[in-house]
Amino acid sequence: MRTCKRNPACHPERSVAESKDPVALSRISRRDSSTSLGMTRNMYRTHDCNSLRKGDIGQQVTLAGWVHVSRDHGGVIFIDLRDHEGLTQVVFRPEENAELAKQAHTLRSEDVIQVSGRVAPRVPGTENPKLPTGDIEVIPSELHILNRADDLPFPIDAEVHNEDLRMMYRYYDLRRPQFAHNLRVRHRIAKATRDYLDSQGYVEVETPILSKSTPEGARDFLVPSRLTPGKFYALPQAPQQYKQLLMVAGLEKYFQIAKCFRDEDLRADRQPEFTQIDIEASFVTPDDIFAVTEGMLAAIFKAARNIDIKTPFDRLTYQEAVGRYGSDKPDRRFGMELVDLGDDFRSSSFKVFRGAIDAGGVVKAINAKGFAGITIGQADELTEIAKLFGAKGLAFIKVENGEWKSPIVKFFSEAEKTALQSKLEIEEGDCIFFGADKWEIACEVLGRLRLRIAEIQKLIPKSEIWDFLWVTDFPLFQWSPEENKWNAMHHPFTRPKTEDIPLFEAKNFPEIRAEAYDVVLNGVEIGGGSIRIHEPELQEKMFETLGVSPEDQQLLFGHLLHALHLGAPPHGGIALGLDRLVMLVCGEKSIRDVMAFPKNNRGMDLMANSPAEVDSRQLRELKLRLLEEKK
RNA sequence: GGAGCCUUAGCUCAAUUGGUUAGAGCGCCGCCCUGUCACGGCGGAGGUUGCGGGUUCGAGCCCCGUAGGCUCCGCCA
C-alpha cells in the first residue's frame with residue numbers, strides 16, 4: 001500500500017500531486033505557460049522546457065535547465081532537459097558535432113546546462129506521446145555546462161522513504177515535480193484567497209510577529225527583549241486580539257494570510273509555525289461568516305483544481321455531530337453512524353447497559369457491515385482504542401451463520417434483540433460495536449472505532465469527494481479536571497449564544513452554547529471561528545468564569561477591555577488552516593509536503609540545523625544565562 | 001510524558017528455523033553500444049547490518065538497553 005502511494009497507475013483518481021512523473025507536471029504547468037514564457041526569454045534561454053511544439057520546428061532556440069536523465073548510446077546521446085515547466089529532449093549526434101557529443105558524454109543527472117540549437121522533428125515512429133514536447137527534439141550547436149552536480153544523495157525520480165535524508169537536502173528534494181506542483185497549488189490558493197476577499201471588500205492588514213504572551217491556549221514561543229532585559233515578546237498563536245482591535249478601529253472587513261506559532265508537540269498535520277487565513281468582520285452574524293467562507297473556498301477550489309464545490313455547506317450542531325458520528329469533525333464520506341439505544345435498554349437486565357443509563361449516560365452502537373470476519377488481532381486493537389478513550393472494555397456482536405456471536409447476547413431480552421435488529425439494520429456478516437458510558441465517552445469511543453474500522457474495511461471512497469460542513473453551537477466552556485476550573489472551548493473572546501446568556505447568569509456553565517463554528521472537510525477541521533464578545537461587562541464576566549482575577553484581566557487584557565469600552569462594534573470571524581487546506585487539495589498526508597521548509601517531528605530543521613546554540617555574547621546582551629542541565 | 005512501527009551498500013529493498021564469504025536493482029567508476037525516452041551489454045568499487053551489552057559453538061535474525069525517524073495518545077484556547 002505504502003509503496004504504491006505515489007504510483008498514479010494504482011490511483012488513477014488521484015491528483016497529479018501524487019505523481020512523480022514529470023509529464024504530469026507538464027500538463028498542469030501549461031496553464032501558466034503564457035506568463036512563464038514571457039519571463040524565460042533572456043540571456044539564458046528563449047523558451048522553457050515545456051514550450052516547443054511541431055509548429056516550432058526549424059527555429060533556433062536556447063534552453064537551460066537540469067539534466068533529468070541522459071541516455072548515452074555511445075554514439076547518439078539523448079538528454080531530457082528539465083526546468084520548472086517540463087521536459088524537452090535534446091539530441092547530441094557525433095556526425096553533427098563531434099566535439100559537442102564528446103562533451104555530452106560527460107553529462108550526469110542534475111548537471112545544469114544551457115543548449116542552443118534548432119528545433120527538429122523526431123524521427124518518424126520515435127515520437128513520445130507521453131510528453132507534450134514529444135513530437136520534437138532540440139539538436140544543439142552549442143552546449144554550456146553551467147554547473148556540475150556531485151553524486152546525488154538520493155534519486156529524485158523515485159520514491160524515497162527516508163524523510164530525514166530528504167529534509168537534510170530539502171533544496172534538492174524540492175526539485176521533485178510533486179513539490180513543484182504542491183507549491184504552485186499553494187500559491188494559487190493564496191492568490192485566490194486574496195483575490196476573492198479583495199473582491200468582497202476585505203483589507204489585508206499585517207499584525208505584529210513580536211507580540212505578547214497570554215495565559216490561555218498553547219505554549220508560546222518567547223523572544224527575549226534586549227532593550228528591556230528580563231522581558232519577553234511572544235510570537236503570536238493567532239492574530240486574535242489584533243484583529244478584534246482592528247474591528248474596534250472601524251476597519252470592518254479584515255483579513256490576513258498570517259504566520260502563527262505554537263510551541264506544542266508536532267504531528268503530520270501540525271507544525272510549530274503554520275499559516276492561517278484569518279478573517280474578521282463587523283456587524284455580522286454567523287451566516288455572514290459562513291457565506292464569505294463558502295465563497296472563498298469555492299474560489300479556492302476553482303482556482304486550484306477547477307472544481308465546483310457545492311455551497312452552501314450542510315450544517316450540524318455539535319450535539320448532532322458528536323451524537324451521530326462520535327466526532328466534532330465528522331467524516332461523512334461513509335456511513336456507520338452511531339445509533340442511540342437508550343430507550344431500548346433503559347430497564348434492561350444487562351447490568352453494563354442499564355448501569356450506564358442509570359448513571360445518566362447512554363448506550364450507543366455502530367454497525368460495521370460485513371465485518372463479522374474480524375480477526376482476533378483487530379478485535380484486540382479496537383479494544384485498545386476503546387480503552388484509550390475511556391471505555392472500560394469493548395462489547396461487540398458478530399453475526400455469522402444467522403447467529404449472534406457474543407458473550408453479552410444471552411443477557412438481552414427478545415424485545416431488546418428486536419430493537420437492535422431493526423434500529424441497526426442487522427444482516428448476516430455484520431459486526432456490532434457497543435458503547436455504554438457517559439455521553440461524551442461513549443460517543444468518542446464509537447467515533448474513534450468508526451474511523452479505524454473504516455480504515456480497516458477501506459470504506460473511504462476512492463473517488464474524490466469534497467464533503468464540507470459546518471459544525472455549530474459548540475459548548476462555550478469545557479471543564480478541566482486537572483486545573484479544577486472552567487476553560488473556554490474556543491477562546492475567551494467567544495460570545496455565548498444570545499438565548500443562552502441567561503444560563504450564564506444562572507452559572508449553568510455546561511449548558512451554555514457558544515456562537516462558535518468549525519468548517520470541516522472530509523473529517524478534517526480546516527477552520528474555526530466565532531462571534532466575539534463586544535460588551536465589556538460580558539467579557540469581564542467571561543474572564544471571571546475562567547478564573548482570571550480582575551487584576552490579571554487589567555494586566556493581560558487591559559487594552560482589549562478598554563477597547564470594548566470605547567464603542568466596539570459587534571464582530572466575529574474565522575481562521576482557516578492554509579497548510580491543511582493545501583494538503584487536502586493536493587491529496588497529501590502531511591503538511592510537510594506542502595511547506596517549502598518544514599520542521600521534523602522534534603521541531604528541528606535538519607537542513608539549516610536549527611534550533612542551534614548561540615554565542616555566549618548574544619546571551620549576555622539579552623541578560624540571559626543557561627541553567628545547568630540536571631543529570 | 002506514554003504507545004506502536006521502523007533502522008541492512010549513496011538510494012530502494014532481500015537474506016528459509018539462528019548456520020558457508022550478507023545479495024539484487026538503481027546510482028557511482030571503467031569499457032562497449034547511433035533513435036532512446038526507466039535505453040541496453042560487460043566488468044568493478046562500495047557493508048563494523050544505528051549504537052552498546054547479553055544468550056549461543058555460531059546472531060542481520062533471539063533477549064535487554066540506548067539513539068534516531070515516522071505515526072498516534074497526552075498537549076495543540
G-U wobble or Watson-Crick pairing nucleotide for B/G23 (cut-off 3.5 Å, both distances): B/C13
Rounded interatomic separation in angstrom, taking CG from A/D269 and C1' from B/C75: 13 Å
Base of B/G74 paired with side chain of A/R267 (donor-acceptor, under 3.5 Å): yes
Watson-Crick or G-U counterpart of B/G65, or none if no pair lies under 3.5 Å: B/C51
Exam field: side chain A/Q539 to backbone A/P492, donor-acceptor pair closer than 3.5 Å: yes
Where protein sits on nucleotides 3-10 of chain B, one letter per nucleotide: B base, S sugar-phosphate only, - none, heavy atoms under 4.0 Å: -------S
A/E525 CD to B/C76 P, straight-line distance once rounded to whole Å: 13 Å
Residues A/D437 and A/K392 bridged, charged N to O under 4.0 Å: yes
A/Q178 and A/E588: side chain donor to acceptor below 3.5 Å: yes
Sugar-phosphate only, base, or nothing, as touched by A/M168 at under 4.0 Å among non-hydrogen atoms: nothing
Euclidean distance, atom NE2 of residue A/H105 to atom P of B/C32 [Å, nearest integer]: 10 Å
Nearest-angstrom distance from the residue atom CD of A/Q271 to C1' of B/U71: 15 Å
Whole angstrom value for the distance that separates P of B/C26 from CD1 of A/I156: 18 Å
Pair of N/O donor and acceptor under 3.5 Å linking B/C11 base with A/R166 side chain: no
Sub-4.5 Å side-chain heavy-atom contact between A/S530 and A/H491: yes
Opposite nucleotide pairing with B/C75, Watson-Crick or G-U, both atom distances under 3.5 Å: none
Between B/C73 (P) and A/L266 (CG): distance, integer Å: 13 Å
Donor-acceptor pair present, A/N600 side chain and B/G69 base, under 3.5 Å: no
With 3.5 Å as the limit, what N/O pairs link the protein to nucleotides 43-51 of chain B?
none

Heavy-atom donor-acceptor pair, A/R270 side-chain to B/C76 base, under 3.5 Å: yes
Spacing between A/E381 atom CD and B/U71 atom P, to the nearest angstrom: 18 Å
Sugar-phosphate only, base, or nothing, as touched by A/R452 at under 4.0 Å among non-hydrogen atoms: nothing
Sugar-phosphate, base or nothing in reach of A/N601, heavy atoms under 4.0 Å: base
Under 4.0 angstrom between A/R580 side-chain N/O and B/C76 OP1 or OP2: no
Nucleotide B/G69, atom C1' - distance to CG of A/D605 in whole Å: 16 Å
Sugar-phosphate, base or nothing in reach of A/Q240, heavy atoms under 4.0 Å: base
Letter per nucleotide, 5' to 3', of nucleotides 34-42 of chain B [B base touched, S only sugar-phosphate touched, - untouched; heavy atoms, 4.0 Å]: BBBBSB---
